[in-house]
Every structure is written in structure tokens, then in C-alpha cells.
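First comes the structure, then the notes that go with it.
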Amino acid sequence: MAKILVATEKPFAPAAVEGIKNIAQKANYEVALLEKYESKDQLLEAVADADALIIRSDKVTKEVIEAGKNLKIVVRAGAGYDNVDLEAASANDVVVMNTPGQNSNAVAELALGMMVLLARGGYNGKAGSELRGKTIGIHAYGNVGRYVAEIAKGFGMEVAAHDPFVNKADIEKDGVKVYDTVEELYSNCQYVSLHIPANDKTKKSIGYDLLKSMPKNGVLVNTARKEVIDEDGMVKIMEERDDLKYISDIAPDNADVFPQKFEGRFFFTPKKMGAQTAEANINAGIAAVEQIINFIEKGDRTFQVNK
Ligand code: 3PG
């Protein structure tokens, strides 16, 4: 019986685990669960006899891939796969997939939720501000970006986007204004919501110059990855401009600086919370187990990311 290991340092909702187990059982697969593990060694041990691996932001390094002697497929139940060593996977004939779109609405709702939280001063009893009529620029118009656009329109915001990889007309048909350059997006939008992946081209790409160009009371909303921010550049411009704010789903590396210097101008989730809804966990978890079964039984490689 083939074995699927679900290794989630940040566990799925119980309903998602149950769903994964039910589907696996019907297809005659065994499921092993490794949740809230504290050391890499626990993962190395658990993966040793697994045929397939389902993860979230868990780090799948060369060591993990090589420890999985029977490993054929890793599915990142979610969008970003910057936590998986794709080269090592390919070198060991391990297919890597993600489950695009499955947790996107949850991330988008958090982005808007954090915007309201900050606009209302963390519900401190003082007069805050509203989102209606404000501009929001969506930096990368993928699955999450589309949901952010839809929800932001519901709030009555003016929505714009920049994404060189998406056809301009496809963005415009959603009633979203397109800026051809990233500089135009930042300089025209009070809010900017980040949805770029973390890779060699994007790491530290958002820093001093882009933030400096933002309109008065600019707010950067980051539900993507902390690695895309140039943290030194961000601190420098936030020191120079006391109207700028930063909201992020997971604290930056220099989080200690913020309460000292930027009181009331930031909000960070204590743990990455974007995809932490039962719905997103169920969608992504079920998609992951189905993709594994379809790959092992039928060779279906849809959503493979290490081609
Ligand atoms: C993703 O890339 O899908 C999100 O960042 C969610 O990550 P998580 O599964 O670790 O919450």
C-alpha cells in the first residue's frame, strides 16, 4: 500500500485532515500524519518510507528529498513553492506540484481584513479612516490578486494592477486599471497589495525607491513573502516619511525595530495566517491528495512545477 505523509509544522484544520484520509483510504493509500514537528530530524525520519508528501510552508530541502528513498511526489498544498528544493527534487526524479488557487480567497480576505484593522487604528477607540474611494494597486494579478480586486471593489476602492505576465485586456475586463510599470503602480496607489512570488528576481525588490514614490498615507500590504522586501530600505523610508505604514502576514526579520520606531504604523501576524481557514485547508489538502493519486495512478502531471 502506497504511503502519503502529511507533514505540516502548521497543521491543517481537522476537517481537511479527515478529508485527505477519506480520499486516500478509498483509493487504497495509507496516510501518516506529522504535525507541529519541532526538528528537521522528525521530518527526515517520517519521510523515509513515504511514497508521497503533502506539505505547506514546510522546508523540503535536498536532505529531505534524499531521505525519502521511495518518494515520487511532493505536493505543496498552497501556492508558493519557494520552500522546496526543486533542483534536488528533479535530480532525484521527484515530481513537485502546488495547488494553485485553492487557498487564494483566504489570503485575499486577510489582506483586506488587515487593511481595515490598520485603518481603524487597531480598534483603539479613536477616529480612523475608511477604504471607500481609496486607491489600491495589486502587484501581480494572479489567483490572490484577482480575489483582492473583487473584494476591494466591494469596499468601493479604485482598483489598479501591474503584472507583466498577464494579458492587459484580461485584467481590464475585471474593471481594473492596468499600469505598465511597477513604478507607476506604486506612485499612483495609496494601498499596494503584494502578490509576487519569492524568487531570485523578486527577493529584496520592494524597498526605498518604490515606497518613497507612494502617495501620502501609503500602506504596503504584504501577504506574499517577507523575503521580497528590502527591509533596510523600508526602515529608511519609514523613518523619513512618518505617514507610511506596513502590514504583513508574518513578521519581518527586523520586527523588533517596528515597535521602537513606528508605533501605530504596522501590523504583523504572529504566524503566517493567510491560508489559515478551514475552507482553504480543505480545498488545498483535498486537491493535494487528489493530485497525488492522479499522478501515481495515471501519470497526471498537471500542476507540476519542476519541469
Ligand atoms: C501559499 O503560498 O500558499 C501561502 O503562503 C500559504 O502558506 P501556508 O500553507 O504555509 O499557510
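FYI, side chains are in, hydrogens and waters are out, and symmetry mates aren't considered; it's all heavy atoms of this structure. Note that ligands are numbered from 1 as they come in the structure, with each ligand's atoms numbered from 1 the same way.
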Non-neighbouring partners of E35 that pass salt bridge (Lys or Arg N to Asp or Glu O under 4.0 Å), sequence neighbours left out: none
Min side-chain heavy-atom separation T8-V17 under 4.5 Å: no
All side chain to side chain donor-acceptor pair (under 3.5 Å) counterparts of N217, not counting sequence neighbours: none
Sequence neighbours excluded, every pair satisfying salt bridge (Lys or Arg N to Asp or Glu O under 4.0 Å) that has a member inside residues 122-148: none
Amino acids contacting ligand 1, non-hydrogen cut-off under 4.0 Å: K10, R56, S57, R76, G78, A79, G80, N103, R225, K272, A275
Sidechain N-carboxylate O distance under 4.0 Å for R241, D243: yes
Aromatic ring proximity Y246/F268, centre distance under 6.0 Å: yes
